[in-house]
**Q** 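Starting off with a structure, shown below.
We count ligands from 1, going down the list as the structure has it; atoms in each ligand are counted the same way.
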Amino acid sequence: MQRKTKTLGEFIIENQAEFKYSSGELSKLINAIRLAAKVVNHEVNKAGLVDILGAAGDTNVQGENQQKLDVLANEKFIQTLKNREIVCGIASEEEDDFISINSQDKQHQNKYVVLIDPLDGSSNIDVNVSVGTIFSIYRRVTDIGSPVTLEDFLQPGIRQVAAGYIIYGTSTMLVYTTGHGVNGFTLNPAIGTFYLSHPDMKFPETGKIYSINEGNYIHFPQGVKDYIKYCQMEEGDRPYTSRYIGSLVSDVHRNMIKGGIYIYPKSSLNSDGKLRLLYECNPMAFLAEQAGGKASDGYGRIMEIHPTELHQRVPFFCGSPKMVEQAESFMAKYA
Ligand code: AHM
Ligand code: MG
C-alpha cells in the first residue's frame, strides 16, 4: 500500500497542541506564511520571464540596492500578514521602522510580532541562484490592546516561539521550528501543496564543508584566518571542502543536510559583520539549535544577545556543533 504523505496543513493541525500557548493563533500565522511563500515562489520562478528583474532604483535602510523582487516579496509578506489580521506588528529588513498593525474589530488584540527578511541573498536573483525568505516570531512583551513598541521586537533570540525559512531552490521548501525540532516541507508546484519531506532535520555532529567568503580573507580577524588554514590542512579528515553560495539560507540548508559550518565574521571592513541579528541570525540560530547545531558570534551564543536596535548586525558562525566549537576555540586565542 502506498504511504500517505503528510501535508504542511495537516502537520500544523496535528502539532498545534504541542505549543504551550496553543490558541490556534500561531498555527494561523504559520498558515499565512505558507500562503505568502507560495505567492513569492510564483514570482521568483517567473523572474526570468517578465521584466521584474534588476534594481528597483531604491536603496534600503542599509544603503544597499534593492532588487525589484525584494520589494515585491516584502509587499507580499506584509500584505498577507496584514490581511489575515493575525499579528500585531511586523519588522522587515527592507523597512526602516517596524509596522504596528491594528484593525477595527481587533484593536491591537493579537499577541505575536513577526520579523522577516523577505528575500535574502537577492544578489543571486539575476543569475538564477537560490534565494530565501527568513522569518522569526515572538510573543509581544507589551500589553495586549495597546500598539506595539520597539521593545516587542528587541527581544533576545531565546524568546522566539517559532522561526523558519523558505528556500527557492531547485525545489521550494519551507523549513520551520516551534521549538520541537525542525521539519522541512517541499512544495509540489503542480498543486501548490507543501509536503513533509524532511522530518526532524538534524545537523551531522561534524562535517567537511566550510562556507565563508574567502575573498575577504585579508580583512578577517586572526582567529578566522587560523580556522580557515585549519580547514585547509591535510590531517585526519581534512582538508575540508569549500562551498559558498552567498545566500545564507541555501548555505545553511546544505550544511544542515550534509554537515558543515557557515561563517560571516566581522572584518576590518565591517566591525560587526554583515548579517542582521534579528532578521537573519536569530531565526537561523533557533533552527540550528533545534537541529542539534550551534550558532555563535565567535565567542558566545547568538540567541542570548540582547538586541539594542532593529537593524543590528552581528558576526555569525553556524553549523555542525563540533565545527562551530572548533572555530570558537580559534577565536578564543585572540579574544
Ligand atoms: P542580503 O540580506 O542583502 O541579501 O545579504 C545577506 C547575504 C547572505 O544571504 C549571504 O550569506 C551574504 O549576504 C553574502 O554576502 P557576501 O557577498 O559579502 O559574501
Ligand atoms: Mg538578508
Side-chain angles (χ1 to χ4, degrees), residues 40 44 47 53-56 58-74 76-78 90-96 114-136 163-169 173 175 209-221 224 228 242-256 260-285 287-288 295 297-298 302 307 309-319:
V40 172
V44 168
L53 279 177
D58 289 338
T59 48
N60 69 8
V61 66
Q62 280 103 13
E64 296 150 338
N65 271 334
Q66 267 187 330
Q67 302 293 305
K68 280 185 184 174
L69 270 175
D70 300 25
V71 181
L72 201 90
N74 190 43
K76 296 291 178 201
F77 272 95
I78 291 174
I90 305 172
S92 162
E93 193 185 289
E94 300 295 339
E95 302 282 335
D96 296 5
V114 176
L115 295 97
I116 49 167
D117 181 351
L119 209 59
D120 182 69
S122 49
S123 63
N124 278 321
I125 296 166
D126 282 351
V127 290
N128 207 353
V129 172
S130 302
V131 288
T133 295
I134 310 172
F135 62 91
S136 170
Y165 59 77
I166 297 121
I167 176 168
Y168 311 98
M173 282 187 69
V175 175
I209 297 172
Y210 72 103
S211 314
I212 183 168
N213 187 344
E214 263 180 273
N216 294 325
Y217 184 87
I218 194 78
H219 301 291
F220 289 156
V224 173
I228 292 175
S242 165
R243 289 281 182 275
Y244 188 72
I245 299 169
S247 166
L248 174 69
V249 169
S250 319
D251 278 310
V252 172
H253 181 76
R254 180 204 52 239
N255 290 353
M256 197 189 295
I261 184 169
Y262 171 96
I263 304 177
Y264 207 110
K266 69 173 182 186
S267 75
S268 51
L269 298 176
N270 36 26
S271 57
D272 297 313
K274 177 187 183 189
L275 302 181
R276 291 76 170 174
L277 175 61
L278 296 179
Y279 311 108
E280 293 161 332
C281 302
N282 269 336
M284 295 314 266
L287 287 157
D297 65 355
I302 284 288
E309 46 185 301
L310 272 183
H311 295 280
Q312 187 170 337
R313 297 175 195 257
V314 72
F316 195 50
F317 297 63
C318 175

**Q** Against heavy atoms of Ser122, which atoms of ligand 1 measure under 4.0 Å?
**A** 4 (O)

**Q** Are the side chain of Thr133 and the backbone N or O of Tyr165 linked by a donor-acceptor pair below 3.5 Å?
**A** no

**Q** Is ligand 1 under 4.0 Å from a heavy atom in the side chain of Asp120, in the backbone, in both, or in neither?
**A** both

**Q** So do Glu93 and Glu280 actually touch side chain to side chain, heavy atoms under 4.5 Å?
**A** yes

**Q** Should you measure from each heavy atom of Leu248, which atoms of ligand 1 turn up under 4.0 Å away?
**A** 8 (C), 9 (O), 10 (C), 11 (O)

**Q** What's the shortest heavy-atom distance between Ser130 and Asn124, and which atoms?
**A** O-ND2, 3.9 Å

**Q** Nearest N/O/S atom of Glu280 with respect to the Mg ion (ligand 2), by atom name, please.
**A** OE2

**Q** Just by distance, no angles: are the side chains of Glu95 and Asn74 close enough, under 3.5 Å, to form a donor-acceptor pair?
**A** yes

**Q** Could you tell me, atom by atom, which parts of ligand 1 come under 4.0 Å of a heavy atom of Tyr244?
**A** 11 (O), 12 (C), 14 (C), 15 (O), 16 (P), 19 (O)

**Q** Which distance, rounded to the nearest 0.5 Å, do you find between the CD1 of Ile228 and the OG of Ser242?
**A** 8.5 Å

**Q** Has ligand 1 got any nitrogen or oxygen that is less than 3.5 angstrom from a nitrogen or oxygen of Gly121?
**A** yes

**Q** Could you tell me which atoms of ligand 1, counted from 1 in the order shown, lie closer than 4.0 angstrom to a heavy atom of Tyr262?
**A** 10 (C), 11 (O)

**Q** In terms of ring plane angle, is the pair Tyr244 and Tyr262 parallel, tilted or perpendicular, where the classes change at 30° and 60°?
**A** parallel

**Q** Taking just the N, O or S atoms of Asp117, which one is nearest to the Mg ion (ligand 2)?
**A** OD2

**Q** Is it the case that the side chains of Ser211 and Arg254 hold a donor-acceptor pair, with the cut-off being a distance below 3.5 Å and no angle test?
**A** yes

**Q** Could you say whether the N/O atoms of Lys274 and ligand 1 ever approach to under 3.5 Å?
**A** yes

**Q** For ligand 1, which atoms, with element, lie under 4.0 Å from some heavy atom of Glu93?
**A** 2 (O)

**Q** Mark up the atoms of ligand 1 that fall under 4.0 Å of a heavy atom belonging to Asp117, in ascending order.
**A** 2 (O)

**Q** Using a strict 4.0 Å cut-off to heavy atoms of Tyr264, name the atoms of ligand 1 that fall inside it.
**A** 15 (O), 16 (P), 18 (O), 19 (O)

**Q** Among the N/O/S atoms of Glu93, which is closest to the Mg ion (ligand 2)? Give the atom name.
**A** OE1

**Q** Would you kindly say whether Ser267 and His219 are connected by a side-chain donor-acceptor distance under 3.5 Å?
**A** no

**Q** Evaluate Glu280 for polar contact with ligand 1, using N/O atom pairs at a separation under 3.5 Å.
**A** yes

**Q** Which ligand 1 atoms are under 4.0 Å away from a heavy-atom of Gly246?
**A** 9 (O), 10 (C), 11 (O), 14 (C)

**Q** Nearest to the Mg ion (ligand 2), which N, O or S atom of Asp120 do we find?
**A** OD1

**Q** Between Asp70 and Ser122, does any side-chain donor sit less than 3.5 Å from a side-chain acceptor?
**A** yes

**Q** Provide the closest heavy-atom pair for Lys266 versus Pro315 in the form atom of the first, atom of the second, distance.
**A** N-CB, 3.8 Å

